[in-house]
Structure formats: C-alpha cells, structure tokens
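Just so you know, ligand 1 is whichever comes first in the structure, and atom 1 is the first atom listed for that ligand. Positions are given from 1, in the same order as the sequence printed here.
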Amino acid sequence: MQLLKDRILKDGIVKPGNILKVDSFLNHQMDIDLINEIGKEFKARFSDCPITKILTIEASGIGIACIAAQYFHVPVIFAKKAQSLNLDGEMYRSKVESFTHKKVYDVILSKKFLGPEDHVLLIDDFLANGCALLGLIEIVRESGAVLEGAGIVIEKGFQDGGKKIRDMGVRLESLAIIDSMTDDSLTFRED
Ligand code: 5GP
C-alpha cells in the first residue's frame, strides 16, 4: 500500500532492537485519514471472505480494527492482556510474549463473543516474531470459529513471524512488508 509506505519513509523512526517507531501516525497519535485508507484496503483484500468478527489484541490493534470494522460491518472483539489469571471456564486464553516489553502475558477473551458459527479476521498493527498473532490463532482454534485470515499493517519481513504464519496455511495480508531497516535506510518488499 503505497500511501502507507510513503508515510513510513517520511515519519517512521528506527530504534535499537529492530523497533520501528510509528507513534506519530499509527499507534500513539493516530492519523485517522490514513487509518481509514488502511481499513478500506483490508476490506478490499478480504472482500471474498464471509467475516463475522474482527479479532485483535489490546492495545494498539483496537483503533485500527475499529476503523476497519466500519467497512466490514461486523463487531470488533479484542483479547485482553492479563498479568495473572484466575482459571475461569468462561474465557478462552493463550500466552503471548510481548516483542516490545519482553514479558509473557496471558491473553483472554470471553467465550460469549466467539464461537463455531463465526468467521474471523485477525488485525494487528505489527508482525515481528508472530507471538501476538499465534496467541490469537490459538484462541480462534479453541473457539471452533473459522479463521479467514490476518491483516497486518506493518510486517517486519526480516523477522520470522510472517513465515511461521504463512507456513501454517493462514492467509496473511500485510500492507507494508519491510525487508531491511537501519538508522538511515529502509527497504520494502515489492507487492
Ligand atoms: P510479535 O508478537 O509478532 O513478535 O510482535 C507483534 C507485537 O509487538 C505488535 O502487536 C506490536 O504491538 C509490537 N511490535 C513488534 N514490533 C514492533 C515495532 O517494530 N514497532 C512497534 N511500535 N511495535 C512493535
């Protein structure tokens, strides 16, 4: 998605530890016109799928998922991060290691909001090592819902999350895939 790539080149900042900061337009301050175009693009890419729910993970995915959902006309559900977990039969749960905070979280979702009748699209801001998406995929599997695919805004193609997810047979659509990044250069994979 050229508009997104141009914005990453203009305003993205590469930080130590393979972190790309895009907090001036995507996940702290949010450029709603841009995110609106991102939502439309997800809809165009998954227009052939009978999506009934969009599932994301708190916190950065929520705003993006909500804007995308306006084009799919379906509810957004988000997995919550919980530090400690009272075992509770009413929740789906999985574990996610945070790429940015290097901590393991339990993530939980109420069983009320996802079941075998659902067709799910996963949405998140970044894909790095794939832990966040794998946690969400586990929740979808546990629920018996159909996983239609995953939409990612920025995939860091030099980390192995994308390969893991595609190797599982999951349809993965990333709007910008970064092949390499250093302090002064950033290259994208061709569409
Ligand atoms: P993964 O679980 O795929 O390793 O990492 C995905 C999660 O880590 C995303 O939900 C995102 O919040 C965060 N993340 C991973 N890489 C980056 C990055 O380069 N920049 C930012 N801002 N967040 C990242």
> When you look at Glu37 and Lys40, which way does the salt bridge (charged side-chain N to carboxylate O under 4.0 Å, His left out) test go after all the steps?
Replying inline: CA-CA 5 Å; Glu37 293 305 317; Lys40 275 188 214 166; 3.2 Å; yes

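- The existence of a salt bridge linking Glu155 and Arg166 is confirmed by a sub-4.0 Å separation between a basic side-chain nitrogen and an acidic carboxylate oxygen.
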> Going through the checks in order, is the salt bridge (charged side-chain N to carboxylate O under 4.0 Å, His left out) test met by Arg171 and Glu173?
Replying inline: CA-CA 7 Å; Arg171 177 171 171 187; Glu173 296 279 350; 3.8 Å; yes

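- Of all heavy-atom pairs spanning Lys164 and Leu134, the tightest one is CD-CD1, 4.1 Å.
- Ligand 1 is surrounded by Asn18, Ile19, Leu20, Asn27, Phe99, Thr100, Asp124, Asp125, Phe126, Leu127, Ala128, Asn129, Gly130, Cys131, Ala132, Lys156, each with at least one heavy atom closer than 4.0 Å.
- In terms of the side-chain contact (heavy atoms from CB on, under 4.5 Å) criterion, residue partners of Gln2 (sequence neighbours excluded) are, by chain and number, Lys5, Asp6.
- When all heavy atoms of Val120 and Ala145 are compared, the pair lying nearest together is CG2-CB, 3.8 Å.
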